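Working notes, structure below.
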Amino acid sequence: MPQIVILPHPTFCPDGAVIDAPVGKTLCDAMLDSDVDIEHACEKSCACTTCHVVIREGFNTLGEPTDKEEDLLDMAWGLEANSRLSCQVVLGDDDLVVEIPKYTINHASENH
């Protein structure tokens, strides 16, 4: 079972978190199940970028993103070389360190 370290984020995870998640679960679902309420405006269907994360450690252990995910990531705020959509990251055996970017492009967020 991989250990996921979520770095502090002022809204979604102010104190940071360390969670254990089962292999095969998506990163987005693992965070939501652990009360890290990351945005996911498209209901995890790979149709937006609100669940964008930056994988600070463990990026190279993840499967390759699809062309659709890469196209969407081009629109994400704060895109980095190790950015992924958390709804598309399927957890394997390796630990990850994850940063949730400060902003999203979701102007219709319910929290604003």
Side-chain angles (χ1 to χ4, degrees):
M1 186 173 291
Q3 186 176 74
I4 314 300
V5 175
I6 312 296
L7 299 176
H9 181 280
T11 304
F12 302 117
C13 193
D15 297 323
V18 178
I19 60 176
D20 292 317
V23 172
K25 183 168 268 205
T26 66
L27 177 57
C28 186
D29 283 337
M31 290 190 292
L32 292 170
D33 290 349
S34 298
D35 298 321
V36 178
D37 293 324
I38 187 168
E39 290 187 56
H40 52 288
C42 71
E43 295 301 317
K44 304 174 276 187
S45 66
C46 195
C48 73
T49 63
T50 59
C51 72
H52 168 229
V53 294
V54 179
I55 309 296
R56 293 292 176 207
E57 293 180 24
F59 181 81
N60 292 331
T61 66
L62 301 174
E64 293 291 320
T66 64
D67 289 342
K68 183 177 180 180
E69 181 184 357
E70 287 183 341
D71 289 345
L72 284 168
L73 281 169
D74 287 340
M75 297 183 286
W77 185 91
L79 180 67
E80 295 187 25
N82 49 344
S83 288
R84 292 294 303 267
L85 298 180
S86 65
C87 70
Q88 299 302 298
V89 173
V90 178
L91 299 173
D93 293 317
D94 298 292
D95 297 344
L96 300 175
V97 175
V98 177
E99 180 178 358
I100 302 170
K102 186 174 181 179
Y103 301 107
T104 72
I105 62 169
N106 186 13
H107 299 293
S109 174
E110 295 175 11
N111 297 324
H112 298 289

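Residue numbers count from 1 along this sequence. None of the values given here were measured: they were computed from a predicted structure.
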By side chain to side chain donor-acceptor pair (under 3.5 Å), which residues pair with K25, not counting sequence neighbours?
D33
Identify the heavy atoms of C87 and C46 that sit nearest to each other, and give their distance.
SG-N, 4.0 Å
Mind listing the closest non-hydrogen atom pair of C51 and C28 along with its distance?
CB-SG, 4.4 Å
Report whether Y103 and V54 are members of the same hydrophobic cluster (ILVMFWY, side-chain heavy atoms less than 4.5 Å apart, transitive linking).
no
Please report the interatomic distance CD(E57) to CG(N82), rounded to the nearest 0.5 Å.
10.5 Å
Side chains of D93 and P2: closer than 4.5 Å at any heavy-atom pair?
no
Might you confirm whether atom CG of D67 has over 12 heavy atoms from other residues, nucleotides or ligands at distances under 6.0 Å?
no
Got V53 and E99 here, is their nearest side-chain heavy-atom distance under 4.5 Å?
no
Kindly indicate whether the side chain of I100, heavy atoms from C-beta on, has any atom under 4.5 Å from the side chain of V36.
yes
Taking C-beta and beyond as the side chain, do I4 and L27 meet within less than 4.5 Å on heavy atoms?
yes
Any heavy-atom pair between the side chains of L96 and L62 that's under 4.5 Å?
yes
Are side-chain heavy atoms of V23 and L91 found at a separation under 4.5 Å?
no
Do I38 and V97 belong together in a cluster built from hydrophobic side chains that touch within less than 4.5 Å?
no
Side chain to side chain contact (heavy atoms under 4.5 Å, CB included) assessment of T66 paired with D71:
CA-CA 9 Å; T66 64; D71 289 345; over 6 Å; no
Taking the side chain as C-beta and beyond, is there a heavy-atom pair between P65 and Q88 under 4.5 Å?
no
Under 3.5 Å donor-acceptor, S34 side chain and M31 backbone:
no
Does any part of the side chain of E39, heavy atoms only, come nearer than 4.5 Å to the side chain of F12, both counted from C-beta?
yes
Can you tell me how far the CE atom of M1 sits from the CD1 atom of I19, to the nearest 0.5 Å?
11.0 Å
Hey, could you give me the OG1/CZ distance between T49 and R84, rounded to the nearest 0.5 Å?
14.5 Å
Mind checking whether F59 and V89 sit in one hydrophobic cluster, side chains of I, L, V, M, F, W, Y counted as touching below 4.5 Å?
yes
So OG1 of T26 and CG of L85: to nearest 0.5 Å the spacing works out to 11.0 Å
For the CH2 atom of W77 and the OG1 atom of T50, what is their distance to the nearest 0.5 Å?
15.0 Å
Do S83 and H52 have side-chain N/O donor and acceptor atoms under 3.5 Å apart?
yes
Determine whether a donor-acceptor pair (N or O, by modelled atom type, separation under 3.5 Å) exists between the side chain of D95 and the backbone of Q3.
yes
Distance-minimising heavy-atom pair for P8 and P14
CB-O, 3.5 Å
Does H9 use its side chain to pair, donor to acceptor, with the backbone of L7 at less than 3.5 Å?
no
The salt bridge (Lys or Arg N to Asp or Glu O under 4.0 Å) partners of E80 (sequence neighbours excluded) come to R56
Reported CG-to-CG distance for the pair L79 and L72, which is rounded to 0.5 angstrom
11.5 Å
